[in-house]
Q: 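Can you keep this structure in mind? I'll have questions shortly.
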Amino acid sequence: MIFQRKPMQDKYIPADIERAAQQHWDQTGAARAVEDHAKPKYYCLSMFPYPSGKLHMGHVRNYTIGDVLSRFHAMQGYNVLQPMGWDAFGMPAENAALANNVAPAGWTYSNIGYMKQQLQSLGFAIDWQREFATCAPEYYRWEQWLFTRLYAKGLVYKKLGTVNWDPVDHTVLANEQVIDGRGWRSGALIEKREIPMYYMKITAYAEELLTELDKLTGWPEQVRLMQKNWIGKSTGVRFAFPYELDGRQEKLWVFTTRADTIMGVTFVAVAAEHPLATRAAQDNPELAAFIAECKQGGVAEANLATMEKKGLPTGIFVAHPLTGEQVEVWVGNYVLMSYGDGAVMAVPAHDERDFHFAKKYNLPIKPVVLPGGLSLKTGSTPAPADVSDVRPIEHLWAGEWNIDFGIHGELFNSGKYDGLNYEAAVDAIATDLATKGLGEKKTQFRLRDWGISRQRYWGCPIPIIHCPSCGDVPVPDEKLPVVLPENVEITGAGSPLAKMPEFYECQCPKCGGNARRETDTLDTFFESSWYFLRYACPDNATAMVDERVGYWCKGGIDQYIGGIEHAILHLLYSRFFTKLMRDVGLIGDLGEPFANLLTQGMVVAPTFYREGENGKKLWINPADVDVVTDERGRPTGATLKADGQPVTIGGTEKMAKSKNNGVDPQALIDQYGADTARLFIMFAAPPDQSLEWSDAGVEGAFRFLRRLWKLVVDHVQAGLVTACTNNDGLSAAQADLRRKLHQTMGKVADDYGRRKQFNTAIAAVMELLNAYDKTHLTDTAGRALAQEVLESAVLLLFPIVPHIGQALYGELTPGSDACRAAFPKVDPAALKQDEIELVVQVNGKLRGAIRVPAGADKAAIEAAALANPDAQKFMDGKPAKKVVVVPGRLVNIVV
RNA sequence: GCCCGGGUGGUGAAACUGGUAGACACAAGAGACUUAAAAUCUCUCGCCGCAAGGUGUACGGGUUCGAUUCCCGUCCCGGGCACCA
């Protein structure tokens, strides 16, 4: 018999085996996904990257997780789809254009080219035939098409929206570009400005988006909760304060969830943009100045909410709807026009914000709800001695805010409502308001409609034509796509499209007259809200989606993986789009788009900067910085490697282009190979935990792979044998190893499949190989066991380190292909154990251990524990009061 | 400010449903092999203590036979806050 094979390399050389493995996968089409109704499908999707230039560690982490799950499920017999594409529109391309004088399109495509090659070098089992970039007209034409359908249904509409206006650059800025209230390039004070924008009616789906959250059992509870709070359903009362102004009877509407406190209203606050504020400012210059001041600064809610609360009286009074008492209207900078009616009733005694505002401006505080479970009726503890005397209670409000003031309780000081609890009071008050025609119970959502217009160039053109006689006219299907011109000049001042007559000059599709094309583009969240459906049919030139979506997305995408930072917006918009597309009749009722969600923790890194001219921060990459630490390892300072001069240490933040703190994985891959990079990042932390980047430990990951290689080399050189399939002929130590092997198989499958915690799976295989090293395996039975352990260990690790796995499995089982191997199956017979060890505690403290037969009953275990000399020593001769036996774990003796 | 997470050795972390705190690694130290270095192998490694033992999971309280895990409060760090993606 002549069987010639190339002898196995003694040394682990990742570059060689990775090239060979990737070539093999390419040639065999290992990652190609084809619809196959004979197998269960597994659509494994990782959030597609923005092509920012190079991969960063967050990408490596994200896509390795996806690849591990994809490969694991393929080994379990699933028909796996793992696609990849590019979220290619967005602001960074325009910023790069400004900084380096390159066209956004060219910059984007070249980044895609580089990053694709990086992804390929990591050996991900991606079906590249489904790749697309969202900046391609073949992709975005379909969202333009959908836009016109939604516009026709009224699900897209136009209204005024507030933006950040840079008065120097004459341009609209993103929130990220507003730093401390100033434009990032001009340094000018930013103003709020109202402009017409297109909105999507996501509020029409608020109820469905909320209730369907309950069905998302494959999502982290945390994300469901965040979405629930974001949608923010609240039930309360919408009511009006009537008033007379300029000879007309008017109503000032507000919404409250605390109608029970309505008798405690001492003033009303409206937003600076509220019509009543505008009216009052007409003959009040001071108020007009205040309103102008409120217009300064950015629109981001975080800024508004942390601002000092300021206000000014309008001099206008409205009538309390129940008492008729006159209540003054104030303008407050903390009241948001975009929430509800842009006006709130103020009850300083029971709302913390109102309380501080009232204290600041000496407005009356009128308590109407008893704090801390007090009751007028029963005088229940801890009531003051004389409960009929309410003065001591009111005196409580003289001091600081107390958390009890905001809690539901029994009403007092409220006339006919005295003694009612929260629910009864709200019911009674709502009824009385309704009788007067001044209000009713109402459900309100915090969720607002989604503004999708952007005054930017690098995005999907909005397919609308403005005609002087016909109004806004959607671009007809046969004129789609509206193609974004790719050769433009970016100046940073205003939208380039608005300066291109060749783009905006057009004819009205209805009347044929001269008209102007919309020059705003769509929010890039638009593209990422449906890309996951397009992966099923990227080649369809005649329809947005087709029946293949029904195959791959039935019951939802099986696994979605991406950063926790997308927990609200992207995931909510994607859920919304799926429902929209269902209602437009594009897809059947697929249900929720993502059946299982894994929210990856952020890869964070320290930030470093220097202040440039006019105080602008120039961010410096961590790779270019030396950090000085004290003896405890705490950073005390940092210097730039290039010049040795100090740089300022910023916070530790998610790796982002804007802070220049991304770490390029390429150096890691070049030095150690893709498998080490993959193994290391999976071993560093569980996937949902945030991970502060450090490459300490990479060496250890590489060492482990080298050791695995050597274990297989040694075994192969001694000669291959048939793998062991049962415990016959094994020594006790060998049986222990075989038990460990099969325990490890179960543990790793559970970690991959259920827990999605890969660091512990790797640790388990490390433990197994440590045990392997310590077991005598030179006899015939031992050699067969060695073969079984090595074959299994290689397959257990294959999803994480597929290149070395491909090579080693080929050596261990010549002629086979690791890509076609099934995941190792546990042999229950190998798990059997005669004796187990139990820990003995005395009063909850570990004092000893006993060995008992595996099937020992409770009484026998108790007896053995009480007889244990270590336990007796600590029982001090006292009798056991109680003995707690936790089967399989421990015995606790209480004395 | 509001919503959601997190805090365990020198470091990354483990402990899955309330049951042995620190698995598995990194770093460090000691030793073996080597002319030497690298690589590899062996041992030590939370803190206090010679030891017995005590103590320890951000901090303060609580529930429990037993708490890293559950509850209340405080502090610190991270994510999101609707135009970063």
Side-chain angles (χ1 to χ4, degrees), chain A residues 47 49-50 52 87 90-92 95 161 163-164 172-178 220-223 225-226 228-230 232 298-307 309 334 338 352-353 446-456 523-525 528 563-570 572-573 599 601-602 604 631-633 651-654 656-658 683-686 688-692 694 696-701 703-704 706-707 710 750-751 754-755 757 759-760 762-767 770 837-841 843-846 849 881-884 886 888-890 892-895:
Chain A
M47 289 181 186
Y50 177 78
S52 55
D87 189 13
M91 225 172 46
N95 296 340
V163 295
N164 302 306
V172 175
L173 296 184
N175 286 335
E176 193 192 44
Q177 298 171 309
V178 179
E221 192 51 46
Q222 177 201 159
V223 177
L225 193 56
M226 279 193 263
K228 180 175 182 244
N229 291 338
W230 184 263
V299 299
E301 193 195 312
N303 299 332
L304 301 174
T306 49
M307 261 181 346
K309 312 280 172 287
Y334 64 93
S338 48
E352 187 172 2
R353 218 166 36 174
R446 202 188 77 98
L447 183 69
R448 308 198 299 258
D449 276 341
W450 171 18
I452 50 176
S453 294
R454 297 292 179 270
Q455 299 68 46
R456 272 191 271 286
D523 179 2
T524 57
F525 273 126
S528 56
I564 182 71
E565 69 272 26
H566 292 296
I568 295 176
L569 293 179
H570 162 63
L572 189 65
Y573 293 150
T599 45
M602 224 98 34
V604 296
E631 64 275 24
R632 281 184 169 181
T652 297
E653 297 181 53
K654 75 166 167 170
K657 198 160 181 71
S658 60
F683 188 54
D688 54 354
Q689 211 164 98
S690 74
L691 172 60
E692 187 166 347
S694 151
V698 174
E699 194 68 47
R703 202 149 48 207
F704 174 71
R706 193 160 53 196
R707 179 169 162 228
K710 181 152 189 309
D750 188 48
D751 278 350
R754 177 182 63 93
R755 296 218 299 158
Q757 189 167 299
N759 55 334
T760 47
I762 296 164
V765 179
M766 286 174 169
E767 274 189 68
N770 288 347
E837 194 181 74
L838 294 180
V839 154
V840 181
Q841 295 180 335
N843 287 338
K845 286 192 179 163
L846 173 64
K881 267 190 224 155
K882 187 176 172 182
V883 181
V884 182
V886 182
R889 292 212 173 253
L890 57 72
N892 187 17
I893 302 165
V894 186
V895 294

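Numbered from 1 within each chain, the chains take letters A, B, ... in sequence-line order.
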Q: Pair A:D751, A:T760 - check side chain to side chain donor-acceptor pair (under 3.5 Å), show working.
A: CA-CA 7 Å; A:D751 278 350; A:T760 47; 2.9 Å; yes
Q: Taking only side-chain N and O atoms of A:N759, does any of them lie within less than 4.0 angstrom of OP1 or OP2 on B:C24?
A: no
Q: Which nucleotide, B:A85, B:C4, B:C65, lies nearest any side-chain atom of A:V894?
A: B:C65
Q: With a non-hydrogen cut-off below 4.0 angstrom, is A:S52 in contact with a base, only sugar-phosphate, or nothing?
A: nothing
Q: Please state how far atom CG in A:N770 lies from atom C1' in B:C24, giving the value in whole angstrom units.
A: 8 Å
Q: Side-chain N or O of A:R755 less than 4.0 angstrom from OP1 or OP2 on B:A15?
A: yes
Q: Return one dot-bracket line describing RNA chain B 5' to 3' (Watson-Crick or G-U wobble pairs, both distances under 3.5 Å; ( ) same strand, [ ] crossing, | another strand, . none).
A: (((((((..(((......[....))).(((((.......))))).(((....)))..(((((..]....))))))))))))....
Q: Whole angstroms only, please: what is the CG-P distance between A:N892 and B:U20?
A: 11 Å
Q: Does some side-chain heavy atom of A:I564 sit less than 4.5 Å from a side-chain heavy atom of A:Q222?
A: yes
Q: In terms of heavy-atom contacts, does CZ of A:R889 have more than 12 from other residues, nucleotides or ligands at under 6.0 Å?
A: no
Q: B:C84 C1' sits how many Å from A:D87 CG, rounded?
A: 11 Å
Q: Of all the nucleotides listed (B:U20, B:A13, B:G1), which has the minimum atom distance to the side chain of A:T306?
A: B:G1
Q: What distance separates A:E301 CD from A:T306 OG1, expressed to the nearest 0.5 Å?
A: 10.0 Å
Q: Could you work out, with side chain to side chain donor-acceptor pair (under 3.5 Å) as the rule, every residue matching A:D523, not counting sequence neighbours?
A: A:W450, A:R454
Q: Measure from the side chain of A:L846, starting at C-beta and using heavy atoms only, and say which of B:A85, B:A25, B:A21 lies closest.
A: B:A21
Q: Rounded to whole angstrom units, what separation is found between the CD1 atom of A:I893 and the P atom of B:U20?
A: 16 Å
Q: Output one letter per nucleotide in nucleotides 68-82 of chain B: B when a protein non-hydrogen atom lies under 4.0 Å from the base, S when only the sugar-phosphate is that close, - when neither is.
A: ----------SSSBB
Q: If I compare all heavy atoms of A:V223 with all of A:A567, which pair ends up nearest, and what's the gap?
A: CG1-O, 3.6 Å
Q: Could you give the CD-to-C1' distance, from A:Q841 to B:A67, as a whole number of Å?
A: 12 Å
Q: Please report the distance, rounded to the nearest Å, between CG in A:D688 and P in B:C4.
A: 18 Å
Q: Describe the nucleic acid contact of A:Y334 in one word from base, sugar-phosphate, nothing, applying a heavy-atom distance below 4.0 Å.
A: nothing
Q: List the atom of A:T599, the atom of A:P220, and the distance in Å for their closest heavy-atom pair.
A: OG1-CG, 3.6 Å
Q: Would you say A:K845 reaches B:U55's phosphate, i.e. side-chain N/O to OP1/OP2 under 4.0 Å?
A: yes
Q: Using whole Å, report how far CD of A:E767 lies from P of B:G22.
A: 13 Å
Q: When rounded to the nearest Å, what value does the distance between C1' atoms of B:U57 and B:C70 take?
A: 16 Å
Q: Report yes if at least one side-chain N or O of A:R706 is closer than 4.0 Å to OP1 or OP2 of B:U40; otherwise report no.
A: yes
Q: Using whole Å, report how far CG of A:L173 lies from P of B:C84.
A: 11 Å
Q: For A:L225, report the nucleic acid contact type (base, sugar-phosphate, nothing); a contact means any heavy atom under 4.0 Å.
A: sugar-phosphate
Q: Closest-nucleotide mapping onto RNA chain B: is A:A305 or A:R889 further toward the 5' terminus? I mean the 5' end.
A: A:A305
Q: Under 4.0 Å between a side-chain N/O of A:Q689 and OP1 or OP2 of B:A13, yes or no?
A: yes
Q: What pairs with A:F704 under ring-ring contact (aromatic ring centres under 6.0 Å, His included), at least two apart in sequence or on another chain?
A: none
Q: Output all residues satisfying side chain to side chain contact (heavy atoms under 4.5 Å, CB included) with A:E352, sequence neighbours left out; order by chain, then residue number.
A: A:H356, A:W401
Q: How many angstroms lie between atom CZ of A:R703 and atom NZ of A:K710, to the nearest 0.5 angstrom?
A: 15.0 Å
Q: Look at the side chain of A:N164 and the backbone N and O of A:V299, then say whether any donor-acceptor pair between them is shorter than 3.5 Å.
A: yes
Q: One character per nucleotide, please: for nucleotides 26-34 of chain B, 5' to 3', B when the base has a protein heavy atom closer than 4.0 Å, S when only the sugar-phosphate does, - otherwise.
A: SS-------
Q: Base, sugar-phosphate or nothing for A:F704? Non-hydrogen atoms, less than 4.0 Å.
A: nothing
Q: Answer yes or no: is there a donor N or O on one side and an acceptor on the other, between the side chain of A:Q689 and the main chain of A:P686, under 3.5 Å?
A: no
Q: For a quick test of reading the model, state the closest non-hydrogen atom pair linking A:A174 to A:M91 and the distance between them.
A: CB-SD, 3.7 Å
Q: Of the options B:C84, B:A25, B:A85, whose atoms approach the side-chain atoms of A:T524 most closely?
A: B:A85
Q: NA contact type, A:R353, heavy-atom cut-off 4.0 Å: base, sugar-phosphate, or nothing?
A: nothing
